[in-house]
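See structure below.
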Amino acid sequence: MQCFKWFSSAIVGLLVFIFVLLSKTSFLLLITFGNNQTEIVCSEQKPTVLICIGFILVGPSVLLLLKSTWKFIFKSATMPSRKSLLLFLVALGAAILTIVAMPHFDIVTNVMILNSVSILSAVFQVVAQCLAKEGKRFIMLPACSIFLIITGFVLFAISYLVFESSLEIKISIGLAIVGAICVSVNWWENYSTLFAGSFLEDISRDIAQSRNVVCIISSLIRILVTSAVVAAYVPLSGQEWKSVKLVFETVVVLLVAIQLTSSALCRWFAVVACKMHALRRCFILPMYMASITVLAVFLVPVMVRLPESNQNFTCLENFQPESSDEWLRLMLNDAIKTLNARDIVVHMKIGGLACLGCSALSWWLGLVLSTVYIWYLKIHRIERTQDLFVRRTYEGAFMEQSMLLNTRFEIRKKIKNLRLDKYRPKTMEQSNVENDVEFEFHIYFDDAFKNVDNRRHANEYAEILVDVIKEVYIEEDPCMFKPKAAPPPQKIINTPYGGRLEYTLPKGNLMMVHLKDKTLIRHKKRWSQIMYMYYILGWRLNRQYFKEFEESKELDTLKKRLKKESENTYVLALDGDTDFQPAAVMLLIDRLKLYPEVGAACGRIHPTGTGPMVWYQKFEYAVGHWLQKTAEHVFGCVLCSPGCFSLFRGAALMDDNVMKRYTTKATEASHHVQYDQGEDRWLCTLMLQQGWRVEYNAASDAYTNAPQDFKEFYNQRRRWGPSTMANTIDLLGSGELTSQKNSSISKPYILYQIISMAASILGPATVCLMISGSFVFIFKMDKNVALVLAIAPPTIYLILCFKLKSDTQITVAAIMSTLYAFIMAGTILSIIGDLVLQQTFLTPSGLFLISMVALYIITAALHPQEFSLVIYGLLYFICIPSGYLLLTIYSIVNMNNVSWGTRESGGQAKTTAVDTIKKKIMNATCCKCPCLETEEQSEEIIPAETIPQREPEDKLIPHESDLVRQQTFLTPSGLFIISMVALYIITAALHPQEFSLVVYGLLYFICIPSGYLLLIIYSIVNMNNVSWGTRESGGQAKTTAVDTIKKKIMNATCCKCPCLKTEEQSEEIIPAETIPQSKFPLICFSFHVLQDEMDFWEELRKKYLEPLKENKEQQEKIANDLKELRNRVTLVFFFCNALWLAATFFLQAIGETVSIKIPKVYPNGTLATTEMFFIDPIALMFLLGFALLLVIQFVAMLYHRIYTVIHFVAYSDTEFKSYRKKSRRVSQWVTHKIMPFKYCCFFFINHVHVLIGCTDPALKPSTGDTARQPPPNNALNITASSL
């Protein structure tokens, strides 16, 4: 990691230095060409150079104008309420300094006078330090900077006025000083907030609120003022416009292009360097060294005498250099002429030379001292560009000065790094540890009770969780020779919703286990989310401020404190089977801490498991995150922050029409699809509509179990598909209003989502067309016949789905998916065969296939840790008909089925899970009690004697006779046999002690069918037999041993083995409030919740969470409404796809008349005159649209990938070394101890909630109520919700 950080920093720093050198050198060369002493540009064409300098001055303003206009149209359009002349002064000063004054000075002066523009920044720093209560000792640095810059101006004036005085020089000196001071006003906004109540602060606040409009106005002012100065100066200087000649073969235009490009790249890489926390080595040092390095480059002709040209020329128009070396020599010689022409150099006047050198040094030191605060700048782990730099743009003529002076002055904060439980214990055992984080863990059981003897008792899952907690926290230290830790104290609390267990963990943190009783409170995932969100955000967060309000405290102050605390409260939602590292959470926290408009952030989800279904999902998840989620993040907002691993902001959840509307009970058919089938997507839709932004962080990795069974996968996607469509349509339907409230959702982004939705709807028809194309090529069918045959199977499946049960539909889909996989494999071969047949890959299908493969490979290469996933791409391709045709049909037709279908613990699944756990425990404690012998354990293993006989040895005879008949061994089979035999003999010879084993080689060869065919079939078919089958005492011995054990057990207990009792006989299940200490050997205390909290739960339960009463009439009505909704959606889907297919059918029937002709081009570039490709307009339009979407997503992926690397490097750089060492130890502890707990979470709980808080002196809780203190500021609520 350190190597990667240093390597990336070195690359970025080198690029910053190179680009700033190119920017500064090219600009100074253009200034030099405007000097009358230079000859590379003719005197009558000097206005051309002035225009080019003007282009450089307005280039960044043009880019800013385009960007701000885009944001003005599609985002914010607030108008400023104040006008200012400061923008005009800056534009006028820059034009006068660079266009009018600098062409009259020598190259040394021009290199260094640009550093004098820092004078007003130094003045503002001195004033700010004087007004500040602290830090007056730093006032000396900016004060020295002011003195040095003024000294530089004085020495600069002396070197010209005393030793070589003329009217033109005098005017130029005055204009240069005035212009430098005017330019230095450019960064006034950096210091405006330091003067409370001042006029500058009011202007700064107004500009911040209407930034887009101000940038448009400032860009237009810069363009107009610069144009006016150039237009006025040319005639005033005695030059004529008719002499202006832009010859693009000259070096002038090339220098302009180099300067504009290098300036833009320098600014971008400088921002990257700051965000990577390589501030000093990659940003400050390259900027400081730029002026010195450029000066050294221009002084090379003085120190090293360059050879004179063999040809004399008067200007570039009469002489064109033949090589780049000649160009470089001419430009350096021309630049040094401005210095050699001065009288102090010609006559070597020491005083003048001393003034020249000292002025240059003074200006440079003045810039360094005025920006030395950047050296000690403390920035956040990831920093917003607008928080790093005051102005959105840069000054191309003052590249390093503008970047340094534009760095925000007041950012001198030290961020507190958050760590998980062991990094920030609640107990302050070490005085040197900052207690900035306080954790609370809340585990929610969606259904923790069952009926036993007409009473409600805690179920097995709650008991196992207690055992797991004991195992994790008592046996925390892996060293067996150290004393074990004391068990965590446990409180048992009776609550209106069931019960609650409270543990004080070894590090002082509190963990609550909420045991829900579905007879007392509403269950299912969404209602459990509402329960804990209202408890954490409503009760725990708001109650303190409500009590203070009752005590007559100021309302405005309470509102501000509550707003601040809610904005710094986060909820992490994850599934019980999700695995993640602390770094993944911290990366998500960074996004929410940095960007206040971000309401949620999600990470990169990696599906885990084995089997073809998981392999398919691995590539599907990869493509979805690589391209789709990055495109949503870059161009707008992520539409879904998945519930398996997402971080939500408390203020976003508490916002109007978010949590309140999330409590809406589904009363219509569409509500059941949108609200309950994909609650995480609906929650994100509500936040987006309210103006919050949802982001994606690719460096935050989380791993979750994926469906491994075809049926479970189809049922999962049966929920996801309609829910995604319903929420997307809801968001697009309110697109106009949403784009007004949410600045991240623009109208072009809405158009992008509309196109994506259309592509998804037309997916089934597109797959049919693909299969039709493969029929045409493979079977030489007529196009229309092939299209009919491709449409028939999915149409039949659509009809069957209306008639058959869900399980039968999935079975049929599995069979059809297998057949389609073979067809898709044939499609790949058909495309390749078509390329061979056409003798060119420049066909529509060939280009599409090659570009798709190249795009995915390049995308995977940019994710090196996930590059191996490309091997699943072939499986993904051949499963396209199953995923985009059959699955779509199944999801739409079964839209009326609103059950989850996955991870449901009811019925047989639950019984099987509990029985399995019981059997494992009993086997461990009862020495494999024979009553628990499973069916698989009692199976008869197929004896080895039944293995089929091996094939005879005479199989080799045909090869031998073939070699004799051919009279040569140089046949494919002959070469293969001889090479294999030689290879094995040589290999055996290199192992002389085992050389005799080669005699068994012939036996091994003739047994190949048995070992590689029959044995593989036997192994797969008998995979359910988990017995060893070897080294077991079978037969009579086994029977005798089993009978003996049975007799002993029967005689001792009369078959009343305690571990074999029924559920009622073996378990004394006790209500939550009276769980005995013997069952849970922890320190237990029984409590009741406070009356205030009791009232809160009762009110919440009555208002939102009362158990739903079964109403058969209502259920029948909802069922009928769901069927009607299903029928309408199916009709729309069928109509859209049928229309697409019908249009294709008619276009194919018409023939070449309406087809688009594409010329055939061979790989060598030659054009076939007689052969053409024909493609119908609809197919071409769809192909181009799909390709455009991929290109957009690919570009977004590149952009997002760069900033992911920046964030990751910044994160690693801000980690303290001491915590890195702890991380290694705790990661081992987490792997060995916490992972089993998460595994239990998958089986035993529905919701896990973890609350983490950060203390803030400004937000201390009230001391009047110690029973239930709300979390301190920066509270981080981590919530896990098991699917």
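For reference, positions follow the sequence shown, starting with 1.
Checking side-chain atoms of S68 against main-chain N and O of L64 turns up a donor-acceptor pair under 3.5 Å. Panel note: side chain S218, backbone C215; a donor-acceptor pair is recorded below 3.5 Å. No donor-acceptor distance shorter than 3.5 angstrom exists from the side chain of S263 to the backbone of L260, with no hydrogens or angles considered. No side-chain donor-acceptor contact under 3.5 Å links S61 to the backbone of S219.
A donor-acceptor pair shorter than 3.5 Å can be found between the side chains of T385 and K275. With 3.5 Å as the limit, one finds a donor-acceptor pair spanning the side chains of E400 and S291. Counted by atom type alone, N406 and R392 present zero donor-acceptor pairs between their side chains at under 3.5 Å.
In Y233, the OH atom is crowded: over 12 heavy atoms of neighbouring residues, nucleotides or ligands sit closer than 6.0 Å. Applying the 6.0 Å contact sphere to OH of Y288 captures more than 12 heavy atoms from other residues, nucleotides or ligands.
Partner W187 forms a side chain to side chain contact (heavy atoms under 4.5 Å, CB included) with one of V390, V90, V117, L120 and no other, that one being V117.
Judged by the 6.0 Å and 45° rule, R281 forms a cation-pi pair with W6. Judged by the 6.0 Å and 45° rule, R280 forms a cation-pi pair with Y376.
Using a 4.5 Å cut-off on side-chain heavy atoms (C-beta onward), C282 and V16 make no contact. For the pair W375 and L285, the minimum side-chain heavy-atom distance is below 4.5 Å.
Atoms CG and CD1, from L89 and I221 in turn, are 10.0 Å apart once rounded to the nearest 0.5 Å. A distance of 12.5 Å separates OG in S118 from CH2 in W364, rounded to the nearest 0.5 Å. Atoms CG and SG, from L29 and C52 in turn, are 12.5 Å apart once rounded to the nearest 0.5 Å.
Residues satisfying the ring-ring contact (aromatic ring centres under 6.0 Å, His included) criterion with F153, sequence neighbours excluded, are W363.
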- Task: Give the intermediate values and the outcome of salt bridge (charged side-chain N to carboxylate O under 4.0 Å, His left out) for residues R222 and E395.
- Result: CA-CA 11 Å; R222 172 63 63 90; E395 298 291 337; 2.9 Å; yes
